[in-house]
Every structure is written in structure tokens, then in C-alpha cells.
Amino acid sequence: MSSITPHYRTIKELLQTRSFAIDEYQREYKWERENIEELVTDLQGKFETFFHQGDLPPAASGYGDYFLGSIIVTKRGDKNYLVDGQQRVTSLTLLLIYLFRAAEELDLGVTATVSPLIYSDHYGEKKFNLDITERVPALRALFNGTEFDAAGRDESTRTIVDRYRDIESLDLAGELGAGLETFIYWLIGNVGLIEIATETDAHAYSIFETMNDRGKPLSPVDMLKAYLLGAIDDVDARANANRVWKKTVLDLISWEPAPNQERDATFVKAWLRAQYAETIRERKGGAIDRDWELIGTTFHRWVRDNASRIGVGDSVANVALMNDHLPFFARAFKTILDASHRYVPGLEPVYYNASNDFTWQSTVLLAPLTFGDDDDTVRRKIAATATYLDIWLMRRTVNYIRVSYSNVSYAMWTLCREIRGLPLPKLLDTLRDKLDKDEQDVSLIGSPSRGRYGIPDLSLNLFSKRYIYHLLARITAYTEIRSGRPDLFDKYVDRSSKNSCDIEHIWANDYDRYAELVPDRTKFDNLRNHVAGLLLLPADVNRSFQDKPFEDKAPHYAKENLYAASLTEAAYQHQPQFKAFMQQENMPFRAYEQFGPAEQWERRELVLALAQRVWDPNRLEQYRPS
């Protein structure tokens, strides 16, 4: 058909001075964190195979390319409509907005090159190249770095904001460091896709149906199954193994509350990395992919190439893997999934790590499992390993150490190898020993002169905000649990609820009010944003009272969670369990009539004491069999 034209487009060629729309009946933007994380990590990993420290942007012209697949576009008038590809185009737009803002903050000249890929100047107004009316306000706010409340908005807008926050949390700019500008030029000039352009809707949808139905290729999971089935000689055994495999996969992808067609691949990657990966790419330019990376990209080929190590390749071994090992580890994976999305008694640490968006968790939690472990042992191993990760993560984040996907990949590979298949008692000893040794380097107690900060120096900023939110939720829940109240941690971190919690500054953002106490504006900002001067309150309460002085807000704190109420006398009246908790744990709670710098310094000791209890390595002992 002469009206169908495929073109290879770099990101710059695809987006510059062009706009894209979608039809109203198209599905929502639905990418999840794991999808955006995989995209960013794959791009960073590919870039790092070319980049050498000191490379300047012109060097990117000699780097290799990266292919993102294809999109289908039909043209109507002066608009391009995405028939297939809105998930990728939207995600690329979010990544470009993040890179623009990072480059602007660092005063890099590349901003002028990136901005036309995000918006066009339309008579002095920004016309976003992703021209979908209901999504533009969110894109504008993200681009300008202003707050945007997605509550009550359509699903796509909420997902756009969530995925942008995920991109921020990956801290790509921080990880690339001096290579950021070179990466941006490589991304827009060397990363591309095939744009299949048509002049009629009929042609566009015909191609879409062919690519997604009749011409749909086998997935890596399908190819892995075909390889394993191929070595099974007995017809009945092969048919049964196929049935078991299909049921296991169906259970994974249809898991409620969030069915996902790619979850089977996510599981297989986690399983193979946890149980079999022995090598990882060296951390230097030009290094080649090893087990850890190859499983993440082409696990079906990796299994074939490493059959002897895994113990497959003949009929008996393949039947055992498909009928026994696969369902065992898939059940464990679903246990982790369930505990990541729901606050499951006994598996709370899994939920803690999920609320911190720690994507490596599923992989690491499968590592200590051994086929044949009973259900109780599986749960104890999962909970113990999740507890270790919970403590490990907090020690790093309060010291401003990055824990993003690619940044800790090497550490997670090492951990998987260290705990792989360990019996429960040995697992607990190993995890405790690692924490004891780790405390020599990173502690919850700050020491800036040694490159450590910790709770006494933990303040709100772009990096720490999400972790401070988590920390406040944990110490608030801990205070209430130990005082005989229900555990509401999952409610405190539920950002989808109608009146979710926000971080409340005890000090209003009014320097003049505190000028006599804090003569320096910078010191005022540091004190105001310190974790000891922060609380979690419902959003409507936070908005109603945030500009008032402490003396006016305190009576309202008394009506909220016990950690916030502990600033007031009301919390200490008729609260015998709270008082018992204070005495037993020697917790320095007390009420305040005013809250100035001296009171905040005192409150720091309370935050530190609570954090040391919440992230106490002795928590591991609860999983030791009696």
C-alpha cells in the first residue's frame, strides 16, 4: 500500500516540532513502576556499555544505537494520532521532562535541545507535543516543577504523575553524574523506533491488528516453555508439564487486584536471578553483560546456554522443573506479591519495602528458598530477608545513599549469592552478621565528619522526601502499636485514599516569625525541614493549619495520631499504655507549650530513639524456630 510508510526515527526526529493525540476510545496510560523502571534501567545500562569516564557529549555520536520497537501513526489534518505506541511515547515524554529539569538545575546547555521534544512554542504558549487535553495540566505542572494534585483526575493523569515520581526516585541524574549531558545527547540521537505512518485509519488499524493478533511473536516465556518441552519424550508427561506451566502462568498474570500480562516474565527473571545467577557485568565502560543482565533481557536463551548449571536438558530434569520447581517458586512469588499489596500479618516487612518501591525485593526474597521448604519455612525466610532489606534500606536512605534500581543492582546480586538456599537458622545468622558488620560503616546515628549523617542530620529535600514520609509513618505506627492502639501503617502510606496523609511542618514557612530565634534564613530552612520538625497529618488538616503558629496548631495535633498528639498535654492524660511504653522503652516524649530550636533539638532524640527501635536488627530473632 503506497499510503503506508515505515520510517526509522530517533527520539529527536520523532518528537521535535510534532504533536500526537489519541482517540477517546483508546485505553488509558497504564504503565506500572516496573515498566518505567525497566525502560530507564535498560537505557542506562546500554549507555554505560559505550560511555567512558570523561566522555563529552560529542562522543555520543560514535556510540551504538538502541531500538525501542515500533509505533503506528495515522494523520488526520494537522494532527498525528497514535494508534499504537501511546504507552512508550508518554513514558519517553516523562523521561524527557525529568532530564530537562535535571539539566536545568545543573545549568547544562542541553536544555535548549530537549525542550522542543516536550513542547512547541505556539504564539508564546507551550503546546505540549503529547497533545491530550485532560493530561496537559499534569504535564505542565511536572515540566514547571509545581505541585499537582491528581486526586479525582482520570486514571491516565494519576498514572502519569505516579510514573514521573518513579522516574524521579530512580535518580538517573545522580547516578550518571558528569555523564548526564552525554547521556541526554545519546538518548535523543541514538535511541529510536520505527514509525509506521498511514494516511487512513483503516490502514492503521489493519496493521495494528496484524501486529498484535495474527503476527504476534512468541514471548520469552513461551520460548522457554518450548525449549523445556522439547526435551520431554513421553507424550503424556509433556502434555501434563504443559498444563502445569499454563496454569502457573495464568495464575500469575491474572493475580488480583492487578492483572498483568507481563508478570510471568517478571517472575521468571526474579526466579532465575535469585536461584542461579553467578556473574554480573563489571562496573566499567565497555563491559559485557553476564548472568544477571542476560537473565533480565533474554532469559530463554540464557537457560538454554546454561542448562547444565540449572540442571535441565533431559526429560526427567525438565519435567521436575516444570511440574515441581516452577509452581513452588511461583507460589512463593505470589505470596510476596500479596504481601506487597496488602498488609499481611507476619509479612509486614514485605509491605514496608514495597511502600518504599524497592523493586529488587521479589528477586532477593526468592534467593534463600529451597524447593521442598514447607509453608512455614517459606514465610519465615521471606519475612526475615524482607526485614534485613528494610533495615538495610533505612540505614542508607537516612545517610543520603542512593538505593535506586541500578545503583544497588550489584549489592542485590551479591546478597542473593550469599543467602541462596540457606537453611533458616543459617539465613538468620548470615543476615544478622551482615547487619552487625554494616553498622561499622553506616549507622542511624549521624557523623557528618565521617561522611555519615543519619537521623540527627536528616532533613527534607528532593532525595529524602519519600523516605522521610515512610519513616514518619513507621515511627507513628510504632508509637501507637506500643501504646495499645491498632497498627495503621498501611493507612498512613495509602496515597490513593480520599484524604491521604501529607507531611506537616510544625514551623510555618514564615521566617519573620522566627527571626529572633534563628537569625540566619538558611539555618531556619534547615531547622524547619528537619525530620524532628515534621509530622504526618491528613491532607485536609495539613492544609487548614499549616500557616498557623505552633500554639494555635497544637490543640488540633491533640486530635490526630498519637505521635503528633504527643506534642501536647492531652496525649498524657488517661493514657496508661502510652505511659507504660514510655517508661519501658525510656522514650523521651514530652509536651511543649512552644516549639523553638531548643525543643526541636530535644525532639531529635525522640526520633532517633524510635528509629533505633523500629529498625532494630534484633527483629530478625522473631523468625527463628523455637
Side-chain angles (χ1 to χ4, degrees), residues 343 348-349 351-353 355-356 387 389-399 435 439 442-447 452-460 464-493 501 503-506 527 529-537 557-558 560-568 570-572 575-592 595 598-622:
Y343 205 34
E348 293 91 347
Y351 193 87
Y352 299 151
N353 297 327
S355 74
N356 263 330
T387 297
L389 289 176
D390 174 35
I391 298 169
W392 185 89
L393 282 168
M394 184 50 60
R395 289 180 176 180
R396 277 148 184 78
T397 55
V398 300
N399 285 286
L435 288 175
E439 282 187 317
V442 182
S443 172
L444 286 168
I445 302 174
S447 178
R452 302 199 314 231
Y453 297 89
I455 298 295
D457 294 282
L458 181 62
S459 291
L460 198 65
S464 65
K465 182 177 181 179
R466 58 187 309 208
Y467 303 113
I468 285 180
Y469 188 103
H470 180 89
L471 183 150
L472 290 171
R474 293 286 294 281
I475 64 176
T476 299
Y478 180 78
T479 299
E480 296 186 316
I481 294 166
R482 293 304 312 272
S483 302
R485 297 188 180 187
D487 181 355
L488 299 179
F489 173 79
D490 57 329
K491 307 299 187 297
Y492 294 141
V493 296
C501 288
I503 293 177
E504 153 80 354
H505 288 78
I506 297 175
L527 285 169
N529 286 306
H530 190 274
V531 66
L534 306 173
L535 305 167
L536 279 190
L537 295 180
Y557 291 164
E560 301 301 330
N561 61 72
L562 188 53
Y563 179 71
S566 69
L567 289 161
T568 72
Y572 304 88
Q575 298 282 355
Q577 288 180 281
F578 178 42
K579 290 183 177 179
F581 161 55
M582 290 170 53
Q583 293 170 358
Q584 291 167 6
E585 299 282 350
N586 194 27
M587 286 290 167
F589 283 97
R590 82 172 182 89
Y592 298 97
F595 197 80
E599 289 76 15
Q600 196 212 72
W601 277 100
E602 188 174 272
R603 187 84 169 178
R604 293 185 188 203
E605 295 302 316
L606 172 64
V607 176
L608 177 58
L610 287 169
Q612 288 174 324
R613 301 300 194 285
V614 171
W615 288 280
D616 184 352
N618 285 324
R619 286 169 48 201
L620 287 169
E621 291 305 312
Q622 66 185 296

Between H470 and F489, how do the two ring planes meet: parallel, tilted or perpendicular, split at 30° and 60°? perpendicular
Grab the two heavy atoms, one from [X] and one from [Y], that are nearest each other, plus how far apart they are.
X	Y	answer
I391	D616	CD1-O, 3.8 Å
D487	D490	O-OD1, 4.0 Å
V493	A473	CG1-CB, 3.7 Å
L435	P617	CD1-CB, 3.9 Å
A558	A570	CB-CB, 3.9 Å
N353	D390	OD1-CA, 3.3 Å

Does [Y] offer a backbone N or O that forms a donor-acceptor pair with the side chain of [X] under 3.5 Å?
X	Y	result
R482	F581	no
Q622	R619	yes
E480	L562	yes
N399	R395	yes
R604	I455	no
H505	H530	no
Y469	C501	yes

Look up atom [atom1] in [X] and atom [atom2] in [Y], then write down how far apart they are to the nearest 0.5 Å.
X	Y	atom1	atom2	result
E585	Q612	CD	CD	11.5 Å
E599	I506	CD	CD1	10.5 Å
N356	R466	CG	CZ	6.0 Å
E560	L537	CD	CG	5.5 Å
L534	L472	CG	CG	6.0 Å

Are side-chain N/O atoms of N561 and Y492 paired as donor and acceptor at under 3.5 Å?
no
Open item on the list: Within the 3.5 Å criterion, strictly below it, is a donor on Q600 or Y592 matched to an acceptor on the partner's side chain?
Closed with: no
Paired with W615, the side chain to side chain contact (heavy atoms under 4.5 Å, CB included) test is passed by just one of L610, L393, L471, namely L471
task = Tell me whether the guanidinium CZ or amine NZ of R613 lies under 6.0 angstrom from the six-membered ring centre of Y478 and within 45° of its axis.
result = no
message: Looking at Y563, I'd like to know if the NZ or CZ of R474 sits under 6.0 Å from its six-membered ring centre while staying within 45 degrees of the ring's axis.
response: no
Could you walk me through whether S566 and M587 pass the side chain to side chain contact (heavy atoms under 4.5 Å, CB included) test, one step at a time?
CA-CA 11 Å; S566 69; M587 286 290 167; over 6 Å; no
**Asked** Any side-chain heavy atom of Q575 sitting closer than 4.5 Å to one from R485?
**Response** yes
_Student check: side-chain heavy atoms of I481 and L488 closer than 4.5 Å_ = no
Residue set satisfying side-chain contact (heavy atoms from CB on, under 4.5 Å) with S464, at least two apart, ordered chain then number -> Y400, L458, N461, I468
Sorted by chain and number, sequence neighbours left out, ring pair (Phe, Tyr, Trp, His ring centres under 6.0 Å) with F578 holds for Y572, F589
Worksheet item: Can you list the steps and then say if K491 with Y343 is a side chain to side chain contact (heavy atoms under 4.5 Å, CB included)?
Response: CA-CA 10 Å; K491 307 299 187 297; Y343 205 34; over 6 Å; no
